[in-house]
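All remarks here apply to the structure that follows.
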Amino acid sequence: MTVLRIEDLHTVVRSRGRDLPVVRGVSLDVDAGEIVGLVGESGSGKSFTALSVLGLLPEGARVTSGRILVDGEDLVALRERDRRTRRGSTVAMIYQDPMTALNPLMTVGAQIAEGLRAHGIRGPEAKRRTLAAIEEVGLPKPDRIARSYPHRLSGGQRQRVVIASALALRPRVLIADEPTTALDVTIQQQILALVDELRTEHDLAVLWITHDLGVVARIAARVAVMYAGRVAEQAGTRELFAAPQHPYSAALLASIPSPTDTERGPLPQIGGAPPDLAALPAGCPFEPRCAYREDRCATGEPEPVHRGGSDTACFVPRERWGVRGDAMEEPA
Amino acid sequence: MSLRYLLGRVAGMLGTLVGVAVVVFVVLRALPGDTITAKLGTQAATLTADQRAALRHFYGLDSSPVTQFFRWFGGLLHGDLGVSMDTGVPVTHLIGDALPVTLELAVLAMVIAVPVGVLFGMLAASRPGAVRDLSVQGVGLLGLAVPEFVVATVTVAWLASAFAYTPSAGTYVSIGDSFGGNLRQMLYPALVLAIGLAATVMRTTRSAYLEAAGSDFVRTARGKGVTEARVRFRHILHNAGIPIVTMVGIQFGYLLGGTLVVEQVFALPGLGRLLLDGILHQDYAIVQGVTLLVAAAFVVVNFGVDVVYRLLDPRTRSEGRRA
Amino acid sequence: MTRAATLVAPAPRTAGQPSLPRRIVADRNGLIGVVLVGLLVVVAVVSLVHLGQDPLAQNRTGQLAGPSGAHWLGTDQFGRDIAARVAAGVFASLRVALVSVGMATIVGGLLGVLSGFAGGVLDAVVGRCTDVLFAFPATLLALALVAALGHGWFNTAIAIAVVYTPIFVRVARGPVLTVRESEYVKAGRVLGFSRSRLLFRHVLPNVGAPIAVQVALALSWAILTEAGLSFLGLGTQPPSPSLGLMVSDARNFFPDAWWTLLFPALAVVVAVVGLNMVGDGLRNALDPRRS
Amino acid sequence: MIEVTDLVRHYRTGDGVVRAVDGVTFSVAEGETLGLVGESGCGKSTTAKLLVALERADGGALSVGGIDVRTARGPHLRQLRRTIQLVFQDPYASLNPRRRIAATLAEVLTVHRLARGGTVAGRVADLLDMVGLPGSVADRYPHQLSGGQRQRVGIARALAVEPRVLVLDEPVSALDVSVRAEVMNLLASLRASLGLTYVFISHDLGMVRHLCDRIAVMYLGKIVETGGWRDVSDEPLHPYTRSLHDAVPVADPAVESGRAHRTLRGEVPDPAAPPSGCRFHPRCPIAEDACRTDEPVLTVRGDRAVACHLV
């Protein structure tokens, strides 16, 4: 069952007197109990997509069109007051840097309880649920943790607290904005396992933003790859990793060293740089860097089509790409 | 806050106080050179060599500067700040009379300035770049730029013409004499002092608030659905409060030595007036005493601010690292 | 607005950076500040040189006359031309401000940079000395020094310089500590660069920004302090023109002869506001996040 | 080329003495690439600083190209600078923002008198070409370059003194995924063409596996396992290496779904108060009583070495 549906979302940022298109027509579904990975490099628009869902865009940024439906209700159309009541209770978020995501002057317990209180849960009930939330994320001695200030906790513990706070109200959708990037791999492992477990338990719809394809391969059922504000390709994780239908996803995957290689030749590389959002090319934004471009790629921007188990915004079917290694520019 | 930190901080403060005494001694005793000339003025020229030597011996000026310093410093430790050469009254008495006036003025000015400054600082920071921000900032800059002596002068002239009230004509009324009468005398000078102070508080509040508003944890709070009012006060202002409290404390210290112009224009017998009279009459015992006292008070206030700062912030309040 | 913009990856830029004066003027506050200070200086020069009034010339018949064609800003109680006196007062203020801040910048900045870069004993000694000087409220210290040194513009300048030196020590030292630990200075150490090369070629050019901002702010504060000391009779001595003294004299004739107070006061305000805004403009122009 | 014996570096902090590097021994042959792997606080970056004499060791022996790094002064230190160089993690922070690229590179050449007068510009162009940058980059400031370009400049600057060894401290961690491949390829081709010796420091087992000949795994200031790249990354012996191997996500769902995701419990302990015995024992899935009291030493097993009582 689809819980989160993003339809043709457009978000702009006001910069130097003009609107920069940072999200350009993103459409995405996340089902209950499903983790969808939203992959992209810096500037691809993945974080703006996430913040648009929460309605927490920074000053100067705004959604210009599109719908964000949670259980059928369009969040974009809500007034700010109603929007606020959905934050935390319907849609919650966990953040990249657990060191700065918590208020240093408030105890951890107070910060979790605050979210409960904002949605009308008070008194002993708030306290009970705060401790339950801390316990649920696997932190020992919940009452002691609740009385601690964030600086007393390690990075992994803080991220658990952030997760506890996000899930305390049993939201339907969880937005995870690179929550393990700042953590060591063994701690990342713990957090991935925790979110996966909570996802199953509460039937959560999770949108997991990351640049790490390994993390996606581990936890996401489906993946959306973003490039220059658009979804380049969207597919089941296995399908996408096995046979990417968009040259960008293919190039991204190929550039990562495989853990099973026995010969270690040069890694295929993409070359070039993502386009300047203030001066987007007329055609496909990836066209200037693409090894399989055809004439029409430079003139028209491809709309997503269903092909080979994928929704891909590319004119050129995989069959016409030739051999995999030719895709990329030969390394120096 | 660890005892070790506190002890270290107290030791540092005592060291600074000794340094302050040295600076005061060097600047005010060594530089002018001759207390006798200062005291006797042109008459000093008529002294014979013997008379001069006798006077020098009487004032202890014939011993080495180091000896002089330790004699003077020893006196300080016993609360002896010397005697006013002009009037023969012990400096401690003079200060004892003047201090309450200045303290009251400083406290009153803070009470007026801090709420005004914080509120307008928040107002300005709530929409950076908007009309309200620019106008608050503009007024704040004027508040800093218009010299206190101009505001004070104009205020006194206005009081005189509008209410036929001349502050300098009457005698000083202490709180003990008449609360109302005292307040009437103190309110306007305190207001004048409060202008620059409020502008400083406003600027600090604005930048501290903006800094805190950009923190990740503010986004976290909004992401939980916390109301905007609570985000502003409980999260942003609370975190901005630490630099604001520090700045207010330091300003209070400054104020103890900064009421001079206002006291002069409004004819209030505070520390500033005392100091100014001391300078104009070359009564160095008074100048030394007041300078030393105010500097010492400033050091102690700064120490207090530092301690309060550490108590406010859980990151520095407690020992140990991990739960 | 800028906050959102930083989330967008910046496109690699190809053009070089515009020069610093251009960037100051490009900032709204910086532009207003430059215009205000420039205007004040130009008006002062014009009224001194062009109008040809002697700021000291008394006139028994035209005392306390309002603004007129002959005396644009009126005359004072001795019939002296206020415009000429304000202009001369502005120059007197600027002279004290420039000399005092110049001394403080050179001495304080140098001590700060050296102690921050060298660390160790030098840093500890300089640190203790600045702590002691910081223990005095600024106005009080200036006053005590003037009391000790005596009157006159140069003594005033020295007093203000002493007050501002520890501030420059701190302003210079902080960024030196940061830059000293930066990776590009570490890279220089690994590459075998000498300490003096690291200090002069890598550290110093990168700590100029906060010092420059502080210079503008210190100038405005020095003008205020000089005026305040003169007002109290502890700075420039009559009959030399001084903005603070003029306000002090005007007390007896206010509000009837309002021009005797307004114009010198206005000159101080314009100078202080202007320099503050130049400081703001500098801060913005030098902020790498904005460029 | 590099001989490290029982290297020690301790920091005094408010919390006590942090044993950042606590008895590390390894060697790197000429032309070889050693990977140093571990999580934050394991001492890998401190080791890098000690190798290039950015910090001085508190104990042990350390020689690079026959130069005793711990005592090198004057001409010896100069020789050391020309033998071993460092490439930093953050290409944004490691270039002086106020100098053009040409000036940054030329400075190294003139300080070491490797070029003078008219030959400097030509040598700068050579260096840029060597790292695959166009000559036009010379006139740019660092902020006008992309992250990948900056990191290439950082590499060119290190190569300017014609060193024999490069210490690479997380050289691709700060870069975008698609740029990492470019820099990794560049490093591999430079190694081949210049015959360089590398010490490659990373937390990313995948990158280490791709570039290195041998791998050393560090935990809390000590090496727990060393060996050939395939041995250590594909068939790890030490329980910590195994946990690390399990924890690193692999960009292949087919592999991921078939793996047992054993989660390592707890976190890296405070390095100011390391656990008794084996430092890994509180988190180790197979620890026994002996592990709590006796500290295992790095023991050679064939062409690899492990510090564990139980393997």
Side-chain angles (χ1 to χ4, degrees), chain B residues 12-13 15-20 22-24 26-32 128-129 137-138 141-142 144-151 153-154 156-158 160-161 214 253-261 264-265 272 275-276 278-280 282 284 287-288 290-291 294-299 302, chain C residues 1-3 28-29 128-129 131-150 159 162 220-221 223-225 227-234 243-244 247-248 250-256 258 261-262 264-266 268-277 280:
Chain B
M13 181 176 72
T16 307
L17 285 174
V18 173
V20 164
V22 172
V23 169
V24 169
V26 169
V27 169
L28 293 173
R29 203 167 257 215
L31 281 187
Q137 282 204 77
L141 184 53
L142 274 183
L144 287 178
V146 179
E148 225 160 53
F149 60 80
V150 172
V151 184
T153 303
V154 172
V156 167
W158 170 71
S161 67
Y254 271 128
L255 215 47
L256 295 178
T259 55
L260 202 125
V261 166
Q264 172 73 2
V265 175
L275 177 68
L276 196 63
I279 292 174
L280 293 175
Q282 300 190 307
Y284 286 106
V287 180
Q288 268 175 20
V290 174
T291 310
V294 173
F298 190 54
V299 172
N302 278 349
Chain C
M1 285 185 299
T2 48
R3 261 181 284 153
R28 187 187 50 214
N29 282 4
R128 285 313 294 174
C129 290
D131 278 354
V132 168
L133 284 182
F134 265 120
F136 295 90
T139 324
L140 183 77
L141 184 57
L143 214 70
L145 284 163
V146 168
L149 295 168
V162 172
S220 80
W221 185 83
I223 285 175
L224 270 180
T225 308
L229 289 173
S230 300
F231 176 85
L232 294 170
L234 298 172
L243 301 172
V247 173
S248 177
R251 277 198 280 176
N252 303 317
F253 316 113
F254 190 83
D256 305 315
W258 50 268
L261 190 143
L262 176 68
L266 202 61
V268 175
V269 172
V270 169
V272 173
V273 168
L275 286 167
N276 256 293
M277 296 186 93
D280 280 353

> Where on B:Val154 is there a heavy atom nearer than 4.5 Å to chain C: the side chain, the backbone, both, or neither?
Replying inline: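 Contact with chain C involves both backbone and side-chain atoms of B:Val154.
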
> Using non-hydrogen atoms only, which part of B:Leu275 is less than 4.5 Å away from chain C: side chain, backbone, both, or neither?
Replying inline: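 The side chain, not the backbone.
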
> chain B: which of C:Leu275, C:Asp131, C:Leu234, C:Val273 shares the most heavy-atom pairs with it under 4.5 Å?
Replying inline: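 Of the candidates given, the most pairs with chain B belong to C:Val273.
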
>> Looking only at heavy atoms and a cut-off of under 4.5 Å, which of C:Ala250, C:Cys129, C:Gly244, C:Ala227 has the most pairs with chain B?
In response: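 The candidate making the most pairs under 4.5 Å is C:Ala227.
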
Please find the pair of heavy atoms, one from [X] and one from [Y], that lie closest to each other, and give the distance.
X        : Y        : result
C:Val268 : B:Ala145 : CG1-O, 4.5 Å
C:Ala265 : B:Val150 : CB-CG2, 3.7 Å
C:Leu140 : B:Ala295 : CD2-N, 4.3 Å
C:Leu224 : B:Leu144 : CD1-O, 3.6 Å

Is the shortest side-chain heavy-atom distance between [X] and [Y] below 4.5 Å?
X        : Y        : answer
C:Leu232 : B:Leu260 : yes
C:Pro137 : B:Val294 : yes
B:Thr16  : C:Phe134 : no

>> Which one wins on heavy-atom pair count under 4.5 Å against chain C: B:Gly272, B:Gly258, B:Gly12, B:Gly129?
In response: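 Ranked by heavy-atom pairs under 4.5 Å with chain C, first place is B:Gly12.
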
> Roughly how far apart are B:Glu148 CD and C:Thr139 OG1, rounded to 0.5 Å?
Replying inline: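 Going from the CD atom of B:Glu148 to the OG1 atom of C:Thr139 covers 8.0 Å.
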
> So with a 6.0 Å cut-off around CZ of C:Arg128, is the heavy-atom count from everything else above 12?
Replying inline: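 Counting other residues, nucleotides and ligands, CZ of C:Arg128 exceeds 12 neighbours.
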
